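Have a look at the structure below, then the notes.
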Amino acid sequence: MNGRDLVRSWWSVGLTGAAREPRTVRAAWLRRGADATGPGPRVRARVPGAVREVEPGPGGGVIRFARSELRVLVAVNGAVFWGWDGAGPEPSYALAGACPEPDPRAELEPDTDGGWRVVAERVTVAVSRHGALEVLTPGGVTLRRDLPPRWWQAEDGGPARWMQRSEVPADARFFGPGGPVEGPRPRDGAHRLGNGVTGTGSAAPVTMPVQLVVADAGTHLLFVDNPWDGTLTLREGAEGAGSGHDRVGTSELRMEGGPVRGWVMAGTPARVLLTWASLAGAPALPPAWAFGHHHVREGAGGEDEVRRVVAGHLERGLPLDAVHLGNGHLDDGRAFTVDQDRFPKLPVLADELRREGVRLVSVVPAAVRAEDRRGEGAFPDLPDARVRYAGQAARGFAGVWHTVDGSVPFGRVDALRLGRAAHEGLRDEVPADERPLVLSPSGWPGSQRYGGVWSGDGAAGWPGLRASLARVVGLGLCGVPFSGPDVVGGGRDGGFELYVRRLQLAAYLPLLRTGAVGPADGGPWGYGAAVLGHARVALGERRRLLPYFVTLAHLARRTGAPMVRPVWWPAPEERQLRDCEDAFLLGDALLVAPVLEPGAVRREVRLPRGRWYDTATGRAYEGPAKVLVDAPLERIPVFARAGAALPVRAEDGGTELEVWAPAPGRSGGGLVVPESGDDGDGPEAERYSVTGSGPRVVVRRETEDGAQEPSRPVRVRGLDGTGGQM
């Protein structure tokens, strides 16, 4: 069976639901794409050598050394490309389209000591006569220095392994590469750049060869465009007592093969992520309901069991927006099938639930398994851009979530291709005014163009709670704004306290998915009335913030800015904030401080500069400061920035503005992007200004025709410590 036949088979499975899976094949994912090939075999520890000649070109040029050549390009968006031995920016799965045009003002010119440089508006790129590449600010301050790469001949004559060492300023801090780290800032040591599955078959954390570096001199992002497995070894620097005693930070990248190429972009964090989004593509805009509460139904029960779970939530006052059906609804676990005995009228069930405001989402195993369980599974011809999902919407599904069998190898680029097939297939089938939802457990830069990431329940216990926060923050800094962990209860962790704290954290993350509690596969009521009350509060606050989440998603699509941000995001020059890993910003209006330790009923919170209000008590605090605040089991500390205006859900179901009084002599504002279905990038943002005038707060909508009265209800909080009306 060739790739074309496999495409047809996958279509037929999706359309008919029949168990017509392909026979055992050597799946196309084993083929290395053009961007996964590297230079041929090399002499052991080969280095480039000295400069021999230079070929200037638009935005940079090619510098030829004794044994290698380096291509340097500064694009019009300010991003810097570098590639060794003929490696160019295309083809690449990571790029959203063609490589951006070169900057016509940037030229390759001679530098000191026989080197060369390219001077551009935002960066200067200097290449030494032996191949070291240095990226500097326009003022000449070094952001990073990449030493010449080295190649090693593979013993079997296969692709050459290579390594490259880099240096960053002593005060710099590393962030990324995605998921498997103890915090958003990876610890010193080795970190594997690879995806896969755990021993139990659940998703392993996502990693991407994307690294964000924050220093006093500025922020920059490095993307190494190579999907091969590798290891990144980090060592943060340290500042000495005087000049000349600093120890620079270092990173060492070792790859098992593939091209030696990458991109660097520099500027403020917002500028860096905007440039990165222009390269790798704008994040997909999830449907509005995707920011609600999702519940995963893994059991083997049928349609009546799904109805029971939905009714259990709604009858207890727990908002519910989607039910994710797991492998239990498939026919013998095979992808694109439905067990007709347990789900005989699935489209009818989907319509029934939709009238209750609940969507159905289907699991899709990444591999198409042979009918004979002893047979080898296969992936569809994922490199073929014509591959699409078909028939899922006809069954009533509004989205899909992918899983990976622990016995089947699955790469990061495979996840990107699978996400593309799912997104484009569903997009063609759902109504024109709707958007599909696609979730994957793995990914590669560019995956955000098609959907988000679910990271499973991750590590067990309280360390897993901290790790789940780290993954969401890290993925956001890699350009994937829509992600979140699964909130599970019972089982291996036990204990209702951990479940409550997980749910409270997830209520402020982009993706909120809960799993079963107890053997009945039900909701939080399985822990009793007290936990049910805490869950009702957390999910109710999430429902109230839905308009704010939708606004942040639109802004992420337009600017690349993550929805969940480290607290240093608006002020990376404040060094103390770079080390804060137990709190985060939700947009620019809210600071969330989850409880990450057992038994804690109070916790210390580091506040950035400015005035912040405790949203539970209304008390104002002045930052920068560390404050000790209450964190009872029923809630976690959340602070609102003074002067912030954010959209929230009113009691009547509409959208109102929640405005927090500005500090004396200061002003503020906010944006609102209303949800209006699938109309491209969405409607224009509504801009609001907030100013203080004596004891009053004045809110105006800023338009091209000047300031106007707000078209939405406004509720001002922070005036008297408890909130009030404007």
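Note that the numbering runs from 1 along the sequence shown for the chain. Bear in mind the structure is a predicted one, so any value in this text is a computation, not a measurement.
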For the student: nearest non-hydrogen atoms of Trp276 and Pro445, plus distance = CZ2-CB, 3.7 Å
More than 12 foreign heavy atoms under 6.0 Å from CZ of Arg602: is that the case here?
-> yes
When you measure from the side chain of Tyr688 to the backbone N and O of Val672, does any donor-acceptor pair fall under 3.5 Å?
-> no
Whether Arg641 side chain and Gly610 backbone form a donor-acceptor pair below 3.5 Å = no
Answer yes if the ring centres of His402 and Trp454 are under 6.0 angstrom apart, and no otherwise.
-> no
Got Leu586 and Val564 here, is their nearest side-chain heavy-atom distance under 4.5 Å?
-> yes
Examine distances only and state if a side-chain atom of Arg565 and a backbone atom of Pro562 form a donor-acceptor pair shorter than 3.5 Å.
-> yes
Hey, are Glu434 and Arg354 close enough for a salt bridge, meaning a charged N less than 4.0 Å from a carboxylate O?
-> yes
CD/Gln708: more than 12 non-hydrogen atoms of other groups inside 6.0 Å = yes
Do the ring planes of Phe549 and Phe291 sit parallel (below 30°), tilted (30 to 60°) or perpendicular (above 60°)?
-> parallel
Contact check, side chains of Arg359 and Leu437, non-hydrogen atoms, under 4.5 Å = no
Is the closest basic N to carboxylate O distance between Glu429 and Arg395 below 4.0 Å?
-> no
Identified side chain to side chain contact (heavy atoms under 4.5 Å, CB included) counterpart of Leu585 within the set Leu590, Val473, Leu591 = Leu591
Could you give the distance from CG (Leu353) to CZ (Arg307), rounded to the nearest 0.5 Å?
-> 7.0 Å
Minimum heavy-atom distance between Val361 and Trp401, given as atom pair plus value = CG1-CD1, 3.7 Å
Under 3.5 Å, is there a donor-acceptor pair between the side chain of Ser483 and the main chain of Gly452?
-> no
Would you name the heavy atoms of Leu469 and Asp582 that are closest together and state the gap between them?
-> CD2-C, 4.5 Å
Between the main-chain N or O of Leu633 and the side-chain N or O of Gln504, is there a donor-acceptor pair closer than 3.5 Å?
-> yes
Kindly determine whether Trp660 and Val697 satisfy side-chain contact (heavy atoms from CB on, under 4.5 Å), including the steps that lead there.
-> CA-CA 9 Å; Trp660 290 87; Val697 173; over 6 Å; no
Indicate yes or no: does Lys345 engage Glu303 in a salt bridge with an N to O separation below 4.0 Å.
-> no
With a 4.5 Å heavy-atom cut-off, do Met265 and Ser278 have their side chains touching?
-> no
Option passing side-chain hydrogen bond (donor to acceptor under 3.5 Å, both in side chains) with Arg513 (candidates His324, His293, His294) = His324
Could you state the interatomic distance from CZ (Arg557) to CD (Gln448), rounded to the nearest 0.5 Å?
-> 10.5 Å
List the atom of Arg471, the atom of Ser455, and the distance in Å for their closest heavy-atom pair.
-> NH1-O, 4.0 Å
Going by an N to O cut-off under 4.0 Å, is there a salt bridge joining Glu709 and Arg701?
-> no
Aromatic ring centroids of Tyr527 and His534 under 6.0 Å?
-> no
Within-4.5 Å side-chain heavy-atom neighbours: Arg501 and Pro594 | no
Thr219 vs Arg271 side-chain heavy atoms within contact, under 4.5 Å | no
Separation of Thr703 OG1 from Arg687 CZ (nearest 0.5 Å) | 12.0 Å
Show the numbers, then the answer: is there a side-chain contact (heavy atoms from CB on, under 4.5 Å) between Val472 and Phe584?
-> CA-CA 10 Å; Val472 175; Phe584 62 91; over 6 Å; no
Which atom of Pro481 lies closest to which atom of Gly479, heavy atoms considered = CD-O, 3.3 Å
Does Arg544 reach the side chain of Glu658, with side-chain heavy atoms less than 4.5 Å apart?
-> yes
Do Val364 and Tyr389 touch side chain to side chain, with heavy atoms closer than 4.5 Å?
-> yes
Measure the CH2-CG distance between Trp289 and Leu320 for me, rounded to the nearest 0.5 Å.
-> 11.0 Å
Nearest heavy-atom approach of Ala589 to Leu646 is CB-CD2, 4.3 Å
Do Arg635 and Glu541 sit within salt-bridge range, that is, some charged N less than 4.0 Å from a carboxylate O?
-> no
Answer whether the closest heavy-atom distance between the side chains of Thr655 and Pro674 falls below 4.5 Å.
-> no
Spacing of NE2 belonging to His313 relative to CZ belonging to Arg308, to within rounding of 0.5 Å | 10.5 Å
Main-chain N/O of Pro624 paired with Arg609 side-chain donor or acceptor, under 3.5 Å = no
Counting distance only, does the side-chain N/O of Arg543 pair as donor-acceptor with the main-chain N or O of Gly292 below 3.5 Å?
-> no
Pairwise distance CZ(Phe175) to CG(Leu477) - rounded to 0.5 angstrom = 7.5 Å
Examine distances only and state if a side-chain atom of Arg536 and a backbone atom of Arg316 form a donor-acceptor pair shorter than 3.5 Å.
-> yes
So, Arg712 and Glu656, do they make that salt bridge, N to O below 4.0 Å?
-> no
Leu532 and Leu318: CA distance, side-chain angles, deciding distance, side-chain contact (heavy atoms from CB on, under 4.5 Å) verdict | CA-CA 9 Å; Leu532 175 60; Leu318 300 175; 3.7 Å; yes
So, the side chain of Asp630 versus the backbone of Pro632: is there a donor-acceptor pair under 3.5 Å, distance only?
-> no
Carefully, step by step, assess Leu439 and Phe482 under the rule side-chain contact (heavy atoms from CB on, under 4.5 Å).
-> CA-CA 9 Å; Leu439 297 174; Phe482 189 66; 3.7 Å; yes
Are the side chain of Arg502 and the backbone N or O of Val488 linked by a donor-acceptor pair below 3.5 Å?
-> yes
